[in-house]
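Below is one structure, written out as structure tokens, with a few remarks after it.
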Amino acid sequence: MSRLLVQGGTLLGLTTPRDIRPATDLYAEGGAIVAAGEEASRRAGAPGEPVERLDARGKWIIPGFVQAHLHLCQTLLRNGPEGLELLPWLTQHVWPGEAAHDAETLGTSARLGLAECLAAGVTAVLDMGTVRHSDSLFRAAARAGIRYTGGNVLMDDAATTPPNLRATAEEGLAETERLRKAWHGRERGRLRVAVQPRFAVACTDGLLRDAAAYASTEVLPIHTHASENRVECQAVLRRTGLSNVRYLAEVGLLTPRTCVAHAIHTDEVDWSELAGRQASVAHCPTSNLLLSSGVCPVPELRRAGVTVALGSDGAACNNSLDPFREMRLAASLPGARAIPETLAAFEVLRMMTWEGARALGLAGAEGLVPGAPADFVVLDPEAAWSLPVEWAEEPYGAIVYAMGRENVAVTVVDGVVRHRSSDPTVGGLKPRPDEIRKAVASLKSRL
Ligand SMILES: [Zn+2]
């Protein structure tokens with residue numbers, strides 16, 4: 001059983017802006033926080049397995065970041081063509097690249113992405129996979145020790161998808177079921193399988209309805225894209241007579257276990273549909289700007305009562321998996337509206353942490369309190385370029401606007417240290433540059 005004592009850090013629990021405990025010890029055992037304050041060192045002093053100690057004096061402890069929308073299969077497709085919108089970008093770069101993966105290149109792509117996540121303080125991800133070789137994703141996630149929700153992607157529409165990246169509804173859902181039996185709940189529950197129709201444009205009506213029924217029977221998370229791009233929205237409207245969100249509701253895919261990526265081109269009816277069915281939205285601001293998709297109406301969604309989490313999307317449309325960049329952009333974009341609004345740094349931090357956990361359906365108490373999962377990040381405000389921090393009453397603006405990945409000292413998932421800034425290889429998880437080059441050459445040879 002893992003035992004970890006984090007000594008003397010400032011605990012920022014992010015439940016309310018006042019949830020700040022300076023110079024406080026934190027003790028985790030068996031993957032959960034069991035004590036804070038004086039009780040923490042008492043519990044750590046009790047006989048048992050050896051206790052790992054982290055000196056966190058002068059450091060800030062925050063809940064782990066949650067990447068609520070990723071494509072680890074696309075990490076090796078980073079730095080592709082610029083200036084394309086969603087559909088040509090998919091057909092020209094992403095889908096051929098995904099179809100060219102074998103089990104080995106997909107594993108390398110996932111390791112690279114997960115190492116980048118852990119090094120940036122990410123403790124949980126929701127990953128939209130690809131059609132084949134999905135065991136490689138789960139193997140990489142098991143090795144990383146991260147909380148991973150993912151699975152194979154479902155896409156079956158012969159009119160819109162390439163033959164080498166397509167599976168019938170029956171084949172696709174049989175593969176999800178195979179993955180569920182092999183991986184769901186493994187690694188102390190850190191690995192979970194989600195049902196993932198890619199987006200309505202790539203899926204037949206029958207597949208979407210079967211996917212909804214299957215997810216409901218097995219009580220699995222659902223992850224899909226919707227209303228990212230105007231051309232995509234028009235295609236769905238032409239085919240179904242409905243907006244994307246209303247169509248997802250109609251086929252049964254909008255549930256409290258559903259996380260919808262993007263939701264940019266949405267209206268009041270969509271917002272209340274999402275809120276009423278308790279579905280969450282993953283806001284991916286960098287990707288949305290790079291693919292000229294538009295800007296998600298985050299203030300409206302939040303006012304309607306929708307949980308809005310944050311994600312980097314794939315490295316192919318970002319081109320970085322950096323939660324600090326997404327937070328900074330999410331906090332800044334409301335200020336660029338015709339009628340400017342503000343989104344407080346504290347709220348953006350909640351979106352990147354607790355709201356992300358809610359979007360993924362990760363159970364557990366909020367806050368760095370006994371009973372909460374021991375998923376947290378040790379930030380070093382003295383690293384890099386974030387000093388001074390004395391001017392602000394609250395530390396949240398410093399994290400969102402001044403800090404970056406270079407301030408992440410340690411990442412802890414499930415009570416175990418999974419990354420230290422002193423080890424840039426992330427425990428050997430990060431593929432070496434020659435491994436990355438070899439995997440890309442292998443991918444290219446199959447294009
Ligand atoms: Zn995506």
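Excluded from the calculations below are hydrogen atoms, water molecules and symmetry mates; all remaining heavy atoms, backbone and side chain alike, are included. Just follow the structure's listing: the first ligand is 1, and inside any ligand the first atom is 1.
Taking each heavy atom of Leu321 and Pro323 in turn, the nearest pair found is O-CD, 3.5 Å. Smallest separation of non-hydrogen atoms from Arg277 and Ala249: NE-CB, 3.5 Å. Between Pro373 and Ala365 the shortest heavy-atom distance is CD-O, 4.2 Å.
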Quiz item: Checking salt bridge (charged side-chain N to carboxylate O under 4.0 Å, His left out) for the pair Lys438/Glu435: CA distance, chi angles, key distance, verdict?
Solution: CA-CA 5 Å; Lys438 190 172 148 233; Glu435 281 182 86; over 6 Å; no

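No option in Thr353, Thr15, Asp19 other than Thr15 meets the side chain to side chain contact (heavy atoms under 4.5 Å, CB included) test with Glu366. Evaluated for a side chain to side chain donor-acceptor pair (under 3.5 Å) with Thr204, the options Asp157, Thr168, Asp156, Asp210 yield exactly one hit, Asp156.
Protein contacts to the Zn ion (ligand 1) involving N, O or S atoms at a distance below 2.8 Å are His69 NE2, His71 NE2, His225 NE2, Asp313 OD1.
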